[in-house]
Structures are given as structure tokens and as C-alpha cells.
Number of protein chains: 2
Amino acid sequence: MIYVSAMALTDICADCAVRDRALCGSLNDEELAALNMLGRRQKVARGETLIWAGDESIICGNLLSGVLKLAASTADGREQIVGLLYPADFIGRPYADVADFTVTALTDAELCFFPRKPFEQALEDHIQMERLLLQRTFAALDEARARMLMLGRKSAEEKLADFLLDMARRMGSSGCRATPDGPMTFDLPLTRGQIADVLGLTIETVSRQMTKLKAAGIIALPGGRAVTISDRQALEARTEAA
Amino acid sequence: MIYVSAMALTDICADCAVRDRALCGSLNDEELAALNMLGRRQKVARGETLIWAGDESIICGNLLSGVLKLAASTADGREQIVGLLYPADFIGRPYADVADFTVTALTDAELCFFPRKPFEQALEDHIQMERLLLQRTFAALDEARARMLMLGRKSAEEKLADFLLDMARRMGSSGCRATPDGPMTFDLPLTRGQIADVLGLTIETVSRQMTKLKAAGIIALPGGRAVTISDRQALEARTEAA
DNA sequence: AGCCGACATTGACTCCGGTCAAAGACATGC
DNA sequence: GCATGTCTTTGACCGGAGTCAATGTCGGCT
């Protein structure tokens with residue numbers, strides 16, 4: 001699929017990696033060119049924070065590459081990761097003056113952002129895009145609620161199993177999958193501490209559960225951030241208590 | 001505010017208690033009359049389930065009176081309440097074929113519902129309503145995420161304090177509030193078991209924490225489902241660990 | 001009134017996951 | 001190579017919340 005632009009110098013969308021998977025996928029070429037004027041690309045380094053909870057909600061955008069975390073925290077520093085953002089996901093909070101969550105890059109990342117107010121105007125002007133955003137927001141809400149069940153009612157073991165299967169699914173494209181049900185290896189974009197913050201556990205508990213799964217021959221930890229799922233069936237079984 | 005309708009016999013919106021607070025608030029009288037044709041009012045008794053998780057997503061609607069719960073559960077019967085719905089709140093999941101969560105009445109309730117497909121069409125036809133729904137969905141997402149922090153990172157005591165303050169705010173209108181900061185009494189629409197399901201705790205823990213707050217003179221339990229918040233300051237303090 | 005079922009409280013005990021602490025791994029830079 | 005800092009693993013211990021069980025309270029019904 002090739003997009004040739006008459007305004008190559010400024011057309012940042014032309015080589016967009018998520019051109020048709022992101023919100024912009026709902027726009028035709030002319031509309032895209034207009035939105036183009038508003039947008040800016042930006043690279044962010046791992047660890048960098050894009051949006052701070054409590055700050056004014058200034059920007060919206062799309063994630064092009066990398067993984068971001070969306071986090072909430074208590075006054076005394078406890079943190080809960082309330083969402084992970086992957087390429088083509090929407091970033092930001094339209095229609096609110098203040099951002100409620102902190103957005104931080106877990107890996108080096110690239111994104112395409114717009115000032116919030118003009119972006120809201122663009123939503124009004126492009127019904128299709130607004131409708132797509134509504135659908136995605138509903139999907140995000142479903143996901144958040146599913147995670148509430150996990151946080152409130154699942155054991156550490158179940159949480160870890162859930163998490164690993166979810167990551168396997170999400171990293172599946174970039175990682176390598178031999179056969180649909182055979183062993184599969186991928187790199188986690190999160191540290192143990194960050195996994196703990198996703199699951200509502202501590203680093204130590206995450207580490208112990210990992211070791212337990214390894215001892216049971218269900219996963220292998222080849223080193224670094226890599227994980228191999230050797231027995232997907234068994235892992236799925238641990239998603240629900242015995 | 002009085003709405004006189006030329007079609008009094010069928011105009012179920014005329015005496016709608018949430019006429020201008022619900023999604024329909026974005027419609028003018030003609031549009032409302034059209035939507036009217038699609039909608040049906042229904043009363044449901046406490047305990048009745050409107051939508052079952054896993055079933056086809058058939059209806060959408062507005063809550064007129066009462067309180068509903070939105071719940072997820074595990075295969076072995078553990079339940080997590082992922083949201084509470086109050087009058088004027090939107091019910092249902094447009095753009096999905098299957099409902100992911102169970103919706104049940106916690107009190108006797110009345111609602112106004114529409115078949116999902118025609119409702120989706122109505123959203124397309126009435127941009128203002130779609131936009132309002134988008135804004136509400138974002139708000140629901142923020143709320144769900146805030147609750148993730150609570151579920152994942154807060155102690156039983158903090159959860160209870162959070163919950164009571166939230167209920168005080170929500171029941172404030174119907175209950176009685178003497179002075180902004182003085183004692184305030186209201187009825188909880190939930191049993192201890194349901195509170196436990198909201199907070200990711202057990203009945204016993206909820207009960208013990210209630211007793212502890214009562215012993216500390218922060219709340220009183222006059223009987224039935226009633227709660228009196230005698231020392232709001234102290235309750236707010238327990239929202240964050242010592 | 002008295003019975004019944006649902007809901008709530010309380011107690012005794014257990015255990016999962018948190019806390020504190022000490023070693024390992026591993027990457028990076030000098 | 002070695003030093004440094006970050007991340008991970010492992011161990012010992014503790015405590016908050018869950019479990020199991022008994023008792024108490026309330027409202028509804030005949």
C-alpha cells in the first residue's frame with residue numbers, strides 16, 4: 001500500500017506506520033491532509049513522561065510505535081497502571097480540562113500528537129472519526145472493567161497467567177509464533193516492577209509467581225525480558241482457580 | 001419546566017424524570033418525539049437482571065430511577081461489581097454484539113430502553129447525542145480507572161472510606177444534608193455483600209471495617225441500611241493511609 | 001405473636017501476599 | 001577488567017484480609 005503525496009515535505013502521514021489502523025483511518029486523503037497541518041510527530045525515550053496526572057489536558061494523539069503506560073497513583077506513592085497503549089492506540093482525554101492519569105513511555109516510542117482544542121474541532125468536523133473514537137472508548141471501557149475483575153477478585157497466580165497470555169497475544173506479531181499452540185517467545189516491554197503495578201501486586205510476588213510457573217515447566221525465562229510460553233494450555237488453566 | 005405534547009398518549013418522554021439530564025437532553029422536541037417511537041418504559045424489581053454477560057447485546061437505554069449494578073464474574077462464581085448506575089445514566093453497550101457485563105437492579109427501578117440497532121441509527125442521526133455519549137463514555141472510563149487504583153492499591157479501610165464518601169455524594173440529593181460539613185445520613189442501596197463486591201473484599205471485612213469506623217465515632221449505623229457520617233474530615237483522612 | 005429467611009456481626013484461625021533484607025544477574029561506562 | 005547502578009531472585013518473617021463457624025438482628029408473613 002503506497003501513499004504518494006503532493007506535499008511530501010510536510011505530509012507526515014505519508015509514511016505513517018499506523019495510517020489505517022489509527023483513528024485517522026477513517027479519513028480520506030484530503031481530510032488527512034488538513035489534520036496533517038495540526039499534527040506533529042515526536043519521539044520519546046523510554047521512561048519519559050508525556051502527560052502528568054493533574055496537569056492541564058493539552059494534547060491528544062496516536063501512538064505510532066512503542067508501548068506507553070497509563071498510571072494512577074496515591075498521595076503516598078503507590079502506583080497502579082490502569083492501561084497500556086500500543087501502536088495505533090489513541091492517547092489523551094478530549095473534553096476534559098485536566099488529565100487524570102500519567103502517561104509514560106515504557107519503551108522508546110514515537111507518536112503523532114495534536115493540540116487538544118483543535119483536535120476536538122476536528123472530531124466535530126469528521127463524524128466518522130468521532131464515531132470511531134466512540135467505539136474505541138467503549139472498547140477501552142470494557143477492557144478497564146475486565147481488569148477490575150482481575151484486580152479485585154483474582155489471586156496472584158491467576159493475575160500472572162492472565163497477564164502473560166495477554167502479552168503473548170499483543171506481542172504476537174513482533175515476536176515469533178511457531179505454531180498456533182506450540183511454544184512462543186517474546187520480550188516483555190515491562191520490568192517486574194511495572195508488571196506488579198499492572199497487576200496490583202509487589203515485585204517480589206511477581207518474581208515468585210514467575211519462578212513457580214517456570215518450575216512447573218509452563219514457561220521458560222531465557223534471559224533478559226524474554227519469556228517463552230511452553231505450555232499455553234496449562235497457562236490458560238491457571239487463569240481460573242483450581 | 002413544563003413540556004406539553006400534542007401526542008400525550010404515546011409521548012412517554014413528557015413526564016420523564018431525567019428528561020434533560022439523560023442523553024436525550026441533547027435532542028429538541030421533534031427529535032425526541034421520533035426517538036419516542038422507538039423507546040419503551042419498563043419497571044424492574046430489585047434483584048431482577050436486565051442483561052446477562054455473554055448474551056447478545058440487544059438493548060440500550062436510560063435509567064430513570066433506582067440503582068443498577070454492572071458486574072463481571074469468574075467461572076467459579078466470584079463477582080466484581082464494575083460500576084453502579086444512577087438515574088440519568090446510560091445503560092448498554094452500543095457497537096458490540098455481545099454484552100460483557102451483567103446488569104441487575106439493586107433497588108426497584110424504572111428505565112427507558114431502545115433496541116440496540118435502531119438506537120445506533122439514532123446516534124448517527126443525532127450528532128449531538130452521539131457527542132454527549134462520547135463524553136459520558138470518557139467519564140465512565142475515567143471512573144473505571146480510578147476504581148482500578150482503589151482495587152489494586154488500597155487497603156480495606158481506605159476502600160471503605162472511599163466508598164462511603166462516594167455514596168454520600170451520590171445519595172446526597174435524596175438523603176438529607178444539614179450543613180455542608182455537618183453530620184449527614186442516607187440509606188445505602190447495597191447490602192454488605194454487594195459493597196464487598198464493589199470493593200473487592202469479603203462481607204466479613206466490610207462489616208468489620210464498618211464496626212471499626214463506628215467505634216472511632218466517625219460514622220453511626222442507625223439501623224437498616226442507613227449510615228450517618230458524623231465526622232467527614234476523619235473519613236476523608238482515611239481515604240489515604242496514615 | 002411467633003416463625004422464618006436473609007442479612008449482619010463477631011470470633012478464632014489460616015494463609016496469601018506484603019515487608020524487610022540479602023544476594024545474584026546484567027548492562028553500561030570508565 | 002572492574003565498578004556502578006538497576007533489575008531480579010530468594011529467604012525469613014509478619015500481618016491484613018480471607019475462611020469457617022456461630023450468633024445476633026431485622027423485616028415479612030401466616
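All figures in this text were calculated on a predicted structure; none of them were measured in a lab. We name chains A, B, ... by the order of the sequence lines, and we start the count at 1 in each one.
- In this structure, A/L23 CG and A/F119 CZ are separated by 5.5 Å, a value rounded to the nearest 0.5 Å.
- Looking at heavy-atom distances under 4.0 Å, B/I203 makes contact with a base.
- The residue among A/G223 and A/T205 whose nearest nucleotide of DNA chain C is located toward the 5' end is A/T205.
- Between A/K154 atom NZ and D/dG18 atom C1' there is a gap of 19 Å when expressed in whole angstrom units.
- Tested against A/P189 for a side chain to side chain contact (heavy atoms under 4.5 Å, CB included), the candidates A/R225, A/Q194, A/M171 yield a single pass: A/M171.
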A/R147/A/E143 under salt bridge (charged side-chain N to carboxylate O under 4.0 Å, His left out): CA gap, chis, key distance, verdict: CA-CA 6 Å; A/R147 215 170 267 175; A/E143 197 204 306; 3.0 Å; yes
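- The existence of a salt bridge linking B/E79 and B/K69 is confirmed by a sub-4.0 Å separation between a basic side-chain nitrogen and an acidic carboxylate oxygen.
- For a distance-only test at 3.5 Å, the side chain of B/R208 qualifies as a donor-acceptor partner of the base of D/dT19.
- Residue B/G200 is classed as a sugar-phosphate contact, given heavy-atom separations below 4.0 Å to backbone atoms only.
- Distance, A/L221 CG to D/dC7 P: 18 Å, rounded to whole Å.
- In this structure, B/M210 places its CE atom 15 Å from C1' of D/dT25, rounding to the nearest Å.
- A/D187 places its CG atom 12 Å from the P atom of D/dT8, with the value rounded to the nearest Å.
- The separation between A/L151 atom CG and D/dA17 atom P is 16 Å, rounded to whole Å.
- Toward the 5' end of DNA chain C, the nearer of the two residues A/E157 and A/E204, judged by each one's closest nucleotide, is A/E157.
- A salt bridge is absent between A/R153 and A/E158; no separation between the charged side-chain nitrogens and carboxylate oxygens falls under 4.0 Å.
- Here CZ of B/F90 is found 5.0 Å from CG of B/L133. Values are rounded to the nearest 0.5 Å.
- Nucleic acid contact for B/S207: base, since at least one base atom lies under 4.0 Å from a heavy atom of the residue.
- Taking 4.0 Å as the cutoff to heavy atoms of chain B, we find the contact window on DNA chain C bounded by C/dA8 to C/dA12.
- At a cut-off of 3.5 Å, with distance as the only test, no side-chain donor of B/S57 or B/D97 sits close to an acceptor on the other residue.
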